[in-house]
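Below you'll find the structure, written out as structure tokens, and then a few comments.
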2 protein chains.
Amino acid sequence: MTDALEPSPDLTRNQALVFGRLTEAEAPLSAYTILDQLRNDGLRAPLQVYRALDKLVEYGLVHRLESLNAFVACNHPAGENSGASHGTVAFAICEECGGVTEFAEQDVVKRLQGWARTEGFHAHSTVIELRGLCENCTTA
Amino acid sequence: MTDALEPSPDLTRNQALVFGRLTEAEAPLSAYTILDQLRNDGLRAPLQVYRALDKLVEYGLVHRLESLNAFVACNHPAGENSGASHGTVAFAICEECGGVTEFAEQDVVKRLQGWARTEGFHAHSTVIELRGLCENCTTA
DNA sequence: GTGTGGAATGTTATGTCATAACATTTGAGA
DNA sequence: TCTCAAATGTTATGACATAACATTCCACAC
Ligand SMILES: [Zn+2]
Ligand SMILES: [Zn+2]
Ligand SMILES: [Zn+2]
Ligand SMILES: [Zn+2]
């Protein structure tokens, strides 16, 4: 229903820079924020970042958060810097601290697949994003 | 978990124009597309459209599709032009014909609520969007 | 009927996100 | 060494969204 498997070859220089920056970040980053933080590494134009992001998303190393127009490094269990790839996942996005939790609920995916099957809809990607407050920010 | 109930008062002129245009459309419309189509009705600036959209979304008459940066009129069973409001729904978006199907899968919502409860995450809105091909466009 | 305040509106300018188009460089394999 | 596909560099432009401020509208109190 989602995410064709892709090999994850060695990263190019720009891809490694962008991926490294996202891996260090504690919250999603926009492409322009990434660009600003990589000026000293030689990046100058948005396209350099967007092209790297396109590949990283294709490899399954990075996810795009549609409701934020921003990107996060994958934290999938097997999602190290090797050949990582996985199916549909969901994101919980805290609007106070910006933190993002990636999680997989197989029953949710199954249910959506079930709906798609009965309707004849052929999904190739699925977006699931919860917006709200994480536990820390609720109690605080 | 989502969508506080809101009364849906009489629509203002701009709100009615925008809602009418979305209701007639067969696919999602961007704010700027709506603006272009309402120039002859006196609308001139993006903010006039965005402000109307904000209210219509608040009233539950219109939904924003995050993965498209576009808007659709609600087709909820009780979602006429009266006081309509409902919980979390999902959207199936055809990338061939542009058609959007709004549907509710209570088990999906329950499962996501379950995850949120165990994690202490307090969601106030939920985005579920499937991207792919509808039945017509798959067979065609 | 007049005054008043909140909501809606109108308008200009600006900020943010993303891609088109084209030139150049790089590097693996014939 | 040649060659071609992939990656990169660069400029310009397109698409989506909001800040800031002035004005109008209208229900409601007086
Ligand atoms: Zn992941
Ligand atoms: Zn938080
Ligand atoms: Zn609806
Ligand atoms: Zn279709």
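Residue numbers begin at 1 in each chain, while the letters A, B, ... track the order of the sequences.
For B:F71, whose side chain is taken as the heavy atoms from C-beta onward, the closest listed nucleotide among D:dA17, D:dC16, C:dT9 is D:dA17. For B:T12, the listed nucleotide lying nearest its side chain is C:dT9; candidates were D:dT18, C:dT9, C:dA18. Closest to the side chain of B:L47, from the set C:dT19, D:dG9, C:dT12, is C:dT12. Distances were taken from every side-chain heavy atom of B:Y32 (C-beta onward) to each of D:dT11, D:dA17, C:dT11; the shortest belongs to D:dA17. Checking D:dT10, C:dT19, C:dT9 against the side-chain heavy atoms of A:Q48 singles out D:dT10 as nearest. If you check C:dC17, D:dT10, D:dT8 against the side chain of A:A45, the one that comes closest is D:dT10.
The shortest heavy-atom contact between A:R39 and A:R44 is NH1-O, 3.0 Å. A pairwise comparison of heavy atoms in B:C94 and B:L133 identifies SG-CA, 4.0 Å as the closest pair.
Spacing between atom CG of A:L35 and atom C1' of D:dT8 amounts to 14 Å, rounded to whole angstrom units. A straight line from CG of B:D41 to C1' of C:dT9 spans 16 Å, rounded to a whole angstrom. Spacing between atom CG of B:D10 and atom P of C:dA8 amounts to 12 Å, rounded to whole angstrom units. Whole-Å rounding puts the A:E66 CD to C:dC17 P distance at 14 Å. When the C1' atom of D:dC16 is taken as reference, atom CG of B:D36 falls 13 Å away, rounded to whole Å. Atom CD1 in B:I34 sits about 14 Å away from atom C1' in D:dA15, given to the nearest Å.
The residue A:R51 sits close to a base: some heavy atom pair falls under 4.0 Å.
Closest-nucleotide positions on DNA chain C for A:D54 and B:G42 were compared, and the one nearer the 5' end corresponds to B:G42. Mapped onto DNA chain D by nearest heavy atom, A:K55 and A:R44 fall at different nucleotides, with A:K55 at the one closer to the 5' end.
Residue B:R64 has a polar side-chain atom (N or O) positioned under 4.0 Å from OP1 or OP2 of D:dA17. Note on A:Y50: every side-chain N or O is 4.0 Å or more away from OP1 and OP2 of C:dT19. The side chain of B:N69 places an N or O atom within less than 4.0 Å of a non-bridging phosphate oxygen (OP1 or OP2) of D:dA17.
The pair A:R64-A:E66 meets the salt-bridge criterion, since a charged nitrogen lies less than 4.0 angstrom from a carboxylate oxygen.
Of the options A:T33, A:L17, A:L29, A:I34, a side chain to side chain contact (heavy atoms under 4.5 Å, CB included) to A:V49 is made by A:I34 and by none of the others.
Ring pair A:F121/A:W115 is tilted by interplanar angle, where 30° to 60° counts as tilted.
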